[in-house]
Number of protein chains: 2
Amino acid sequence: MDAIDLNLVDLLRGNARLSYAELARQVGLSAPAVHERVGKLESGGVIRAYRAEVEPETIGLGVTALIGIVEDSGADTDDVLEAFRVMPEIESCYFMAGVESFLLKARVGTIAELEQLIVRLNRTPGVASTRTGIALSTKWENRPQSVAPPTA
Amino acid sequence: MDAIDLNLVDLLRGNARLSYAELARQVGLSAPAVHERVGKLESGGVIRAYRAEVEPETIGLGVTALIGIVEDSGADTDDVLEAFRVMPEIESCYFMAGVESFLLKARVGTIAELEQLIVRLNRTPGVASTRTGIALSTKWENRPQSVAPPTA
DNA sequence: ACAGTCCGTGGACGCCATCGACCTCAACCT
DNA sequence: AGGTTGAGGTCGATGGCGTCCACGGACTGT
């Protein structure tokens, strides 16, 4: 994990579809060398996936909500997690310090679907209460912060 | 935006580095046809970017925080937004309904850096107060939910 | 000094991206 | 009805790219 690796990570966070040849030009190595480095970053768990970032409204997911979850005393946290995992609307799930054990980011098509999701969440065993906030607009999301040394 | 487009979006959300030839095989079209469709999805604002998803701890960003922002009465929301925008640690920024106008997701290397970020946030004009929750662990993040019709 | 290891380069080969020419079908106009 | 037009597809060609392999130079431990 040296400066070149950080550089590659930065480049791929900016544009995951760059060719190995282009990456090679940017970092000053040959294409096979870059190919091997990126392969190691992938298998070493640094690069988890490559995803297209989509404007959610355009695919019918216009409603974004952030939902805090308070657990029952004595709830089995793993069971609760598993219940959340099978709900595809829950795009992100953070285990938090504080009264609310989880913070979820959910994306649905309509307010009615959000209501149904909240009902389902309140019904799942181990969940004491939920507190949901609606995002009126997403200013930006998952902006990659540069991590490479300045003089690359 | 037909079923094939939704299918392509799904495939690219799952793996942004799929070749056009592979996409073509999956959706049953020729590679040039897929190339043109994806180009239109990009220029039409459906696909915003392609990003490598990185395990944050491996690049020195081990601390994740979610920060609610209450604005001063009479604050200029655009100015506040602009102040947030230049802080690279703020990876996501949602404009919310409720007392807290914004919810920010920030990622830093250490608790000390988080402290400095919170101080800076509290100092920015228009910000009345902040409330920050620390994520002890990220169970998952930006999981793409399938949006294509079932029998594709 | 020497062997082993790591990490790189260069060459080769088959697949892929991408362009242009052509085809098909449906909508629309006369 | 028939002709025209345009969107969106296929096919074929070509140049660049991904990827495998053999080889080479620098560091390390003995």
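- To the nearest angstrom, P of C:dC19 lies 11 Å from OH of B:Tyr20.
- Atom pair B:Met1:CE and D:dG8:P shows a separation of 14 Å (rounding to whole Å applied).
- A single hydrophobic cluster is seen to contain both B:Leu12 and B:Val27, as judged by linkage of ILVMFWY side chains at heavy-atom distances under 4.5 Å, directly or through other members.
- Overall, the helix from C:dA1-D:dT30 to C:dT30-D:dA1 carries an axis bend of 30° between its ends, with five pairs at each end and the value rounded to 10°.
- Both A:Leu136 and B:Leu81 sit in one connected hydrophobic cluster of ILVMFWY residues. Membership requires side-chain heavy atoms under 4.5 Å apart, directly or through other members.
- Taking atom CD of residue A:Glu36 and atom C1' of nucleotide C:dG8, one finds them 9 Å apart after rounding to whole Å.
- Here D:dT10 presents its C1' atom at 16 Å from NE2 of B:His35, a figure rounded to the nearest Å.
- Both A:Pro32 and A:Arg17 lie near DNA chain C, and the one whose nearest nucleotide falls closer to the 5' end is A:Pro32.
- A cation-pi geometry, defined here as NZ or CZ lying under 6.0 Å from the six-membered ring centre and within 45° of its normal, does not hold between A:Lys139 and B:Phe84.
- Side-chain contact between B:Glu100 and B:Thr130 is absent, with no heavy atoms from C-beta onward closer than 4.5 Å.
- Aromatic rings of A:Phe102 and A:Phe95 (six-membered ring for Trp) have centroids within the 6.0 Å cut-off, being under it.
- Base contact: A:Ser30 has a heavy atom under 4.0 Å from a base atom.
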